[in-house]
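The structure appears right after this line, and notes come after that.
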Amino acid sequence: MSELRCEHLSASYGHRRVLDGLDLVVPGGTLTAVLGASGSGKTTLLRVVMGFAHPERGRVVVGGSVVAEAGRRPLAPEKRGIGYVAQEGALYPHLDVERNVGFGLPRAERTGSPRVLEMLELVGLSDSYRRRRVHELSGGEQRRVALARALAPRPSVVLLDEPFSGLDAALRSETREAVRHALEAEETTAVLVTHDQSEALSMGREVAVLSDGRLVQTDEPSALYRTPVSLSVAEFLGEAVVVAGRAQAGTVACLFGNLTVTGERLEGPVEVLVRPEQIRVSRPAADTVPRLSSPAVSASVAEVRYFGPDTLVRLALRGPTGPTGALVSARVASYEAPAVGDLVELSVLGPVAIFPARSSTTEAARPPELREATA
Amino acid sequence: MRPAHPLTSSERADGGVADRADGRAGRRNAPWLTVLSLAVAAVVVVPVVITVVQALEGGVGPAATALRQSSSLVLLLHTALVAAAATPICGVFGVATAWFVERTRLPFRRMWALLVVAPLMVPLFVTSYAYAALGNSLTGFVGAAGIIAFCYYPIVFLLVAASLRVIDPALEETARSLGVGPWATFRRVVLPQVRPALYGGMLLVGLDALVEFDAFVAFKYQTFSVAVYGQYQLSFSASGAAALSFFSIVMCVVILFVERRLRGDANYTRVSAGARRATLRYGLGRATPAVLAGLAALVAVSLGVPIGMLVYWFSGSTPAALSSASANLQYLWPATLTSVLLGLGSAVVAVLLALPVSLLVVRHKGRLATLVERSVYLSFALPDLVAAVALAYAASRLHLLYGSVALLVLAEAMLFVPFAVVALRSTLGLIEPGLEDSARSLGLGPLRAFWRVTLPLARPGLAAAAVLVFAFALGDLSTAQILLPPSMHTLGTQFWANSSTVAFAAAAPYGAVLIVLALGATWVLMGKFGAVRHLEAR
């Protein structure tokens with residue numbers, strides 16, 4: 001149950017400053033997901049914490065003891081007690097499953113020891129896996145063995161580097177559950193690094209968004225998704241419909257009508273973040289449901305993209321005199337999705353987040369994904 | 001409450017592993033490649049077959065005489081001893097130098113890589129005569145084993161260094177994160193990964209030691225190849241020589257078998273296709289001067305002494321010796337030209353022979369590929385001299401190429417084809433088979449896909465293979481002595497003719513040209529070995 005603290009970390013790769021004053025606190029026994037696009041510094045962060053790269057400024061503290069500090073001799077990686085699950089597992093091809101899991105244990109415990117069997121069981125692999133060679137395992141099994149191997153020597157912190165990349169959807173969620181279960185059972189402090197939003201949001205007790213070498217926001221997943229600190233964080237976390245509006249006293253007036261505001265209070269011209277799944281699409285004729293939040297706006301369905309459980313609907317907004325030219329996206333449950341050409345009414349469910357107006361935004365709506373579709 | 005065990009694995013074997021396995025083992029069979037490879041293997045074993053037939057034809061009488069005369073038990077012991085002593089030393093030198101060059105922050109790494117490989121490229125007869133001329137202290141076993149150890153360790157270096165470059169760095173990082181220190185990580189993770197390369201290198205060294213002649217004759221050390229030479233020189237007994245060669249064939253087969261057993265299934269394929277990124281390099285810290293001194297000593301012994309001796313021979317000669325030496329210089333230019341052309345010819349032929357074999361070994365692993373690869377290694381089973389005689393015999397019987405330079409080119413190519421295979425394999429192994437598959441899907445036939453995708457990517461490997469064979473052909477003496485048309489001279493025959501008559505000052509220029517060519521070849525080689533175009537391996 002050791003806490004991991006990174007304080008004001010700065011590090012470079014070659015001449016490029018990759019980490020730039022990064023602060024991260026992972027409370028003992030919890031998992032924090034670090035979410036960042038490629039090139040944001042994720043790998044460097046892991047390498048600095050593990051001890052394969054060294055900070056130019058700041059320090060890394062594990063369970064109260066400093067393992068790396070700028071200007072001081074860093075503790076060797078093997079003495080830090082920080083486990084590591086590499087991308088795709090990095091299992092040793094010359095060893096079988098049991099010897100892989102026992103790799104970090106004292107010689108006497110490497111084979112046949114209860115710890116190895118316990119770890120295999122923890123990640124949901126039966127005894128029959130012990131003698132298997134690594135190349136006989138599926139991708140998901142390899143990740144499980146890699147996690148068992150990392151947990152076996154009882155590290156105080158485990159770092160997971162994109163641990164589910166390259167797995168197909170079903171296997172991914174299954175392996176995710178196995179990892180969550182194992183980490184909770186061992187009460188290990190963990191950092192999961194990923195570029196996958198849904199993975200970060202579903203795995204982390206907290207999610208830290210990494211951009212240009214610093215953390216721009218660290219929060220619980222739901223708070224992060226609902227009230228991102230900036231539009232760029234908002235857009236990075238998921239699809240966003242951004243419209244101009246004017247805020248006043250906890251509400252904002254925009255083309256969806258008057259909406260309740262969550263988070264930061266602003267006055268005057270703002271940009272309004274609406275998630276596509278917040279937009280409710282209903283048929284005008286059958287509209288007997290009482291309106292939840294805002295008065296309806298009418299639109300015609302321009303495009304329909306089917307995703308299985310839900311459907312992305314592209315909507316051309318209509319004013320009193322006809323189409324306004326603005327397009328927005330809504331994500332609706334597939335069973336109630338409209339067809340292309342339907343006339344529908346839109347309303348927005350729940351409160352929305354607002355941000356100071358970007359300098360030259362005059363478009364009524366700028367859903368980025370529609371620009372190229374309509375161009 | 002969570003179910004007691006929510007996560008019992010019920011996975012399908014997911015696509016990832018199966019696809020990757022398909023990429024290697026389960027590929028379409030390639031009939032043309034198989035036929036070509038078998039043809040190459042058949043060509044390479046021709047001298048062995050002829051020799052065996054000669055030995056059997058000669059009957060028991062001459063064979064028994066030859067064996068008695070040359071006390072074959074001693075020869076057997078000598079040959080085995082040299083191979084057994086030199087091979088492990090080469091393994092240690094090769095792994096250590098490869099580790100320091102590839103995985104530490106050694107100062108002047110690129111320079112050291114060149115200097116460490118150069119001894120292999122310098123003709124062995126130059127080095128051994130230089131040592132033999134130093135004095136009598138090095139004759140016999142110590143000299144013979146020493147010269148093999150100090151001149152052949154670069155083979156291990158090349159293979160292990162190429163293999164070190166492609167190890168997934170995450171394997172080592174994970175070990176360190178599990179609490180395993182650097183030295184234990186080397187022993188428990190790195191060494192097992194490079195073991196196939198190490199054994200492969202030691203195999204080449206061991207086989208080479210079996211049939212080495214130039215070094216042993218210089219140190220007056222009796223092995224099979226030296227005795228075989230004696231049989232030809234003293235009694236012109238082809239069947240006696242064949243009988244003796246029979247032993248080296250048997251030993252070669254035994255070594256191939258032992259190596260196979262040692263290696264076992266240690267042919268690890270990369271499990272994860274993890275991102276290629278910079279490998280860890282360890283700082284040497286206070287050990288730096290010691291490591292530098294060790295490397296300097298190694299290079300001084302293996303490269304410095306022969307170069308120093310050439311300089312000494314030249315500078316320390318009497319004016320009379322120098323004037324006769326300068327009279328001899330008229331052959332220098334034609335001999336250089338002959339040597340270079342011979343080397344280029346052998347290099348081209350050897351690469352053409354090696355290409356189908358190495359493709360088969362890399363792309364279609366299996367019994368057949370192993371068989372073909374091993375038969376190619378049989379070119380080490382015969383002393384060069386015996387192989388050359390057998391080829392001459394075959395050519396005269398078939399009225400084909402007999403007495404022509406082409407036969408010599410072919411003989412040298414056959415002799416060094418295993419090295420070409422090794423160099424090509426380490427490049428071809430890095431090329432995704434999927435690249436060729438996608439070319440096929442774009443409408444290219446198999447040959448055109450190979451021509452337009454694999455071949456251009458493999459260019460560094462082709463160059464490395466060619467340069468290796470070129471250098472070895474320069475350093476070849478026995479084959480040239482048998483098959484070179486009498487009117488012609490090579491740098492090797494000129495050096496040998498002069499140095500064996502103690503005209504060292506006259507020999508020195510030829511040795512110098514050989515060393516300069518060897519260093520040039522090293523320089524080219526080190527830019528190419530184990531690299532793929534556009535995919536800088538380091």
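Chain letters run A, B, ... following the sequence lines, proteins first and then strands; every chain starts at 1.
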>> With a 4.5 Å cut-off on side-chain heavy atoms, are A/Arg47 and B/Glu173 touching?
In response: yes
> Given the rule in the side-chain contact (heavy atoms from CB on, under 4.5 Å) test, do B/Asp168 and A/Glu88 qualify, once you have shown the distances and angles that lead to the verdict?
Replying inline: CA-CA 11 Å; B/Asp168 184 356; A/Glu88 315 218 359; over 6 Å; no
> Between A/Ile82 and B/Ser177, is any pair of side-chain heavy atoms under 4.5 Å apart?
Replying inline: no
> Is A/Tyr92 reaching over with its side chain to a backbone N or O of B/Leu171, donor-acceptor style, under 3.5 angstrom?
Replying inline: yes
>> I need the A/His94 NE2 to B/Leu191 CG distance, nearest 0.5 Å.
In response: 9.0 Å
>> Counting only heavy atoms not in B/Arg187 (residues, nucleotides, ligands), do more than 12 fall under 6.0 Å from its CZ?
In response: yes
>> Would you say OH of B/Tyr282 has more than 12 non-hydrogen atoms from neighbouring residues, nucleotides or ligands within 6.0 angstrom?
In response: yes
>> With a sphere of 6.0 Å drawn around CZ of A/Arg132, does it hold more than 12 non-hydrogen atoms of other residues, nucleotides or ligands?
In response: yes
>> Heavy-atom count check: over 12 atoms from other residues, nucleotides or ligands less than 6.0 Å from A/Arg205 CZ?
In response: no
> Quick one: does B/Thr185's side chain get under 4.5 Å of A/Glu78's, heavy atoms only?
Replying inline: no
> Contact part of A/Pro155 toward chain B, heavy-atom cut-off under 4.5 Å: side chain, backbone, both or neither?
Replying inline: neither
> Nearest heavy-atom pair of B/Leu178 and A/Ala150: which atoms, and what distance?
Replying inline: CD2-CA, 3.9 Å
> Would a 4.5 Å heavy-atom cut-off, applied to side chains only, mark B/Arg176 and A/Tyr84 as touching?
Replying inline: no
>> When you measure from the centre of the six-membered ring of A/Phe103, is the NZ or CZ of B/Arg188 closer than 6.0 Å and no more than 45° off the axis?
In response: yes
>> Heavy-atom cut-off 4.5 Å, strictly under: side chain, backbone, both or neither for B/Ala175 against chain A?
In response: both
